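Input: a single structure, listed below in structure tokens.
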Amino acid sequence: MQHSKIAGIGMYVPKNVYTNTDLTNFMDTSDEWIQERTGIKERRYADRTGETTTTMGVEAAKIAIERAGITPQDIDFIVFATLSPDYYFPGCGVLVQRALQMKEVGALDIRNQCSGFIYALSVADQFIKTGMYKNILVIGSEKHSFGMDFTTRGRNVSVIFGDGAGAVVLQPTSKEGHGILSTHLHSDGGDAELLAMFNPGTHSNHWLDKKLADYDEAAIGETFMSHQMIDNGQNFAYMDGPAVFKKAVVKFPEVIGEALAANNLKPSDIDMLVPHQANLRIAQFVQQTLKLSDDKVYNNIQKYGNTTAASIPIALCEAWEAGKVKEGDLVCLAAFGSGFTWASALVRW
Ligand code: UT7
């Protein structure tokens, strides 16, 4: 049966580097705290004007398209994963179609946060398998620096996230045992409010029942976004970090195990694990659980922070460019995040 392969990969990160020490100018934090709890040393922030989630995605896409040996006019479908779109609507997919002067192809936006890229990859994989499309552009891109609280109130979130983009082109292959072997997608909305941005949104007060007491009850409903909601910080991401951490260290190994079992493989068959870059401590825990050596796990959260939907394609691209992902290698992608949603993919490079 026809299945899909990654025919080209690209990444883009903004040039502006912000170290942990730079952040101490805005909030009560320290290089020591951030490195010890997360592994992050620095991250990139997009230019305030001119550089958006879409423009970064387009830069990554141009490289992926060129490396696939095609042109933007050959792309027949776009899948764009982000939680920080240029507009509330329309999504970034159509903006990519416009920017790259593509044909009037379909453009789908995916809202699955940290696991967004693997969800996007999975959707694209299905379209290739059915024979519907031949050149699908999959992008993960984030401009977090526009949606974070850079005061001490928001420090548990804002020190973690950074901006950037990654992209791949998927094409069909009939080479047996090559390309995307399988993808595995999961969700559990029971704790949806533990990692969320509440506005703009149409929610009523159900999440306030969870005792997110920092918020003013008067600022509920009636409009997507009010001055009061902004005063309450409801336009910034909320995260119960320890709760997310505890769930992540269970679900990462679980969903990787599911992918291996589905392909009759074992952890020692993995040549390169590229985990979503949420926290170096989470990645190290997963590495130990699977008994993988250091050269079989790729981490770059130290340089870029957590770039959510972009983190896996950026890390995969860097690993490939460094020659750490070679033809024939078994690559495992895995992610966990807001929703909660989690996912994995196995790729024979
Ligand atoms: O990609 C999406 C999925 N996200 C994740 O997977 C994130 C998972 N969670 C985490 O990575 C960790 O929970 C964090 C890095 C977010 C936080 O680390 P933690 O070790 O769980 O710290 P904590 O939230 O329990 O906070 C410990 C202390 C608190 O102070 P008190 O109450 O002990 O006095 C916080 O107020 O650290 C304080 N704190 C900070 N201190 C300095 C929180 N953020 C900061 C900060 N700088 N930036």
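Quick note: numbers below take in every heavy atom, side chains included, and nothing from hydrogens, waters or symmetry partners. Model, not experiment: these values are computed from the prediction. Both ligands and their constituent atoms are indexed starting at 1 by order of listing. The first residue of the sequence shown is numbered 1, and numbering continues consecutively from there.
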Is it true that Asp47 and Lys15 have a side-chain N and a carboxylate O under 4.0 angstrom from each other? yes
Are any of the side-chain nitrogens in Glu318 or Lys324 under 4.0 Å away from the carboxylate oxygens of its partner? no
Short side-chain to backbone donor-acceptor contact, Ser30 and Trp33, under 3.5 Å: yes
Residues Lys326 and Glu321 bridged, charged N to O under 4.0 Å: no
Would you please indicate yes or no on a ring centroid separation below 6.0 angstrom for Phe285 and Phe245? no
For Asp294, side-chain hydrogen bond (donor to acceptor under 3.5 Å, both in side chains) partners two or more places apart: Gln287
Please tabulate protein-ligand N/O pairs under 3.5 Å for ligand 1, atom names and distances to 0.1 Å.
residue  : atom   : partner : partner atom : Å
ligand 1 : 1 (O)  : His276  : NE2          : 2.9
ligand 1 : 1 (O)  : Asn306  : ND2          : 2.6
ligand 1 : 9 (N)  : Gly241  : O            : 3.0
ligand 1 : 11 (O) : Asn279  : ND2          : 2.6
ligand 1 : 13 (O) : Gly241  : O            : 3.2
ligand 1 : 13 (O) : Pro242  : N            : 3.4
ligand 1 : 20 (O) : Arg37   : NH1          : 2.8
ligand 1 : 22 (O) : Arg37   : NH1          : 3.3
ligand 1 : 36 (O) : Arg155  : NH2          : 3.1
ligand 1 : 37 (O) : Trp33   : NE1          : 3.1
ligand 1 : 41 (N) : Trp33   : NE1          : 3.4
ligand 1 : 47 (N) : Thr29   : OG1          : 2.7
ligand 1 : 48 (N) : Thr29   : OG1          : 3.1
ligand 1 : 48 (N) : Arg155  : O            : 3.2

